[in-house]
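Report on one structure; see the data block that follows.
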Amino acid sequence: MKRWTLLGADSKPYRSPSPGTLGGHRRSRVYGKLDCPAALRALARGGYVAQRVFFLDQTIAQAAGYRPCARCLPEAYAHWKAGQNHRRAVPALDACLTRLGGTGSGSVTASAAKPQRM
């Protein structure tokens, strides 16, 4: 029986009786379809092969810390990108509130939310 080596949610390789449906790049932590034009171009250049990994599905790829390819998975990428913007905004808001005298960590007080008059 043929077996394929895939990455699991823990980013460790395992042997699978079924082939992966997605390919990824270990360094850039991006995954996409096996026929993705961007990946095929990179494979044709030859530098991509050593860093190539495979996943059974998107859930496992994301659990392993990989993001969707913007070229071949535009909807999944847009959803991932929106989540990344939210994750960046919360620490930035906390830092801003702390500088203004608020408590940060998501607890907005009325005094911290009001602009200060000089």
Side-chain angles (χ1 to χ4, degrees):
M1 173 192 268
K2 178 133 172 98
R3 294 223 177 243
W4 288 265
T5 302
L6 306 177
L7 279 187
D10 57 359
S11 294
K12 293 183 180 174
Y14 71 95
R15 303 292 286 168
S16 170
S18 57
T21 61
L22 300 167
H25 187 262
R26 190 181 319 271
R27 269 200 201 145
S28 64
R29 313 274 302 169
V30 175
Y31 73 88
K33 296 178 181 178
L34 296 176
D35 62 350
C36 175
L40 293 176
R41 274 194 311 276
L43 286 167
R45 287 192 308 263
Y48 193 84
V49 177
Q51 298 295 322
R52 187 88 160 145
V53 294
F54 298 94
F55 300 99
L56 194 56
D57 59 34
Q58 289 191 46
T59 304
I60 294 173
Q62 289 175 358
Y66 286 68
R67 72 160 177 86
C69 173
R71 170 73 188 214
C72 66
L73 298 169
E75 290 177 15
Y77 175 78
H79 187 264
W80 172 85
K81 182 80 170 168
Q84 290 301 306
N85 287 338
H86 173 71
R87 286 187 193 102
R88 286 187 200 127
V90 172
L93 178 61
D94 276 350
C96 183
L97 289 174
T98 301
R99 281 194 306 273
L100 291 172
T103 58
S105 299
S107 58
V108 179
T109 62
S111 62
K114 288 183 182 178
Q116 302 281 328
R117 291 188 187 221
M118 304 258 173

If you define the side chain from C-beta out and look only at heavy atoms, does anything of [X] sit under 4.5 Å from [Y]?
X     : Y     : result
Arg3  : Pro17 : yes
Thr5  : Arg15 : yes
Tyr14 : Lys12 : no

Using atom types as modelled, flag every donor-acceptor pair under 3.5 Å from a side chain in residues 44-60 to any protein atom, sequence neighbours excluded.
from	atom 1	to	atom 2	distance (Å)
Asp57	OD1	Thr59	N	3.2
Asp57	OD1	Ile60	N	2.9
Gln58	OE1	Tyr31	OH	3.1

Q.
Once rounded to the nearest 0.5 Å, what's the spacing between atom CZ of Arg71 and atom CZ of Arg41?
A. 5.5 Å
Q. How many angstroms lie between atom CG of Leu40 and atom NZ of Lys33, to the nearest 0.5 angstrom?
A. 12.0 Å
Which heavy atom of [X] sits nearest to which heavy atom of [Y], and what is that distance?
X     : Y     : result
Tyr77 : Pro68 : CD1-O, 3.4 Å
Cys36 : Cys69 : SG-SG, 3.7 Å
Tyr66 : Arg26 : OH-CA, 3.4 Å
Leu22 : Leu34 : C-CD2, 3.7 Å

**Q.** Side-chain donor or acceptor of Arg29 paired with backbone N/O of Ala64 under 3.5 Å
**A.** yes
Q. By side-chain hydrogen bond (donor to acceptor under 3.5 Å, both in side chains), which residues pair with Ser11, not counting sequence neighbours?
A. none
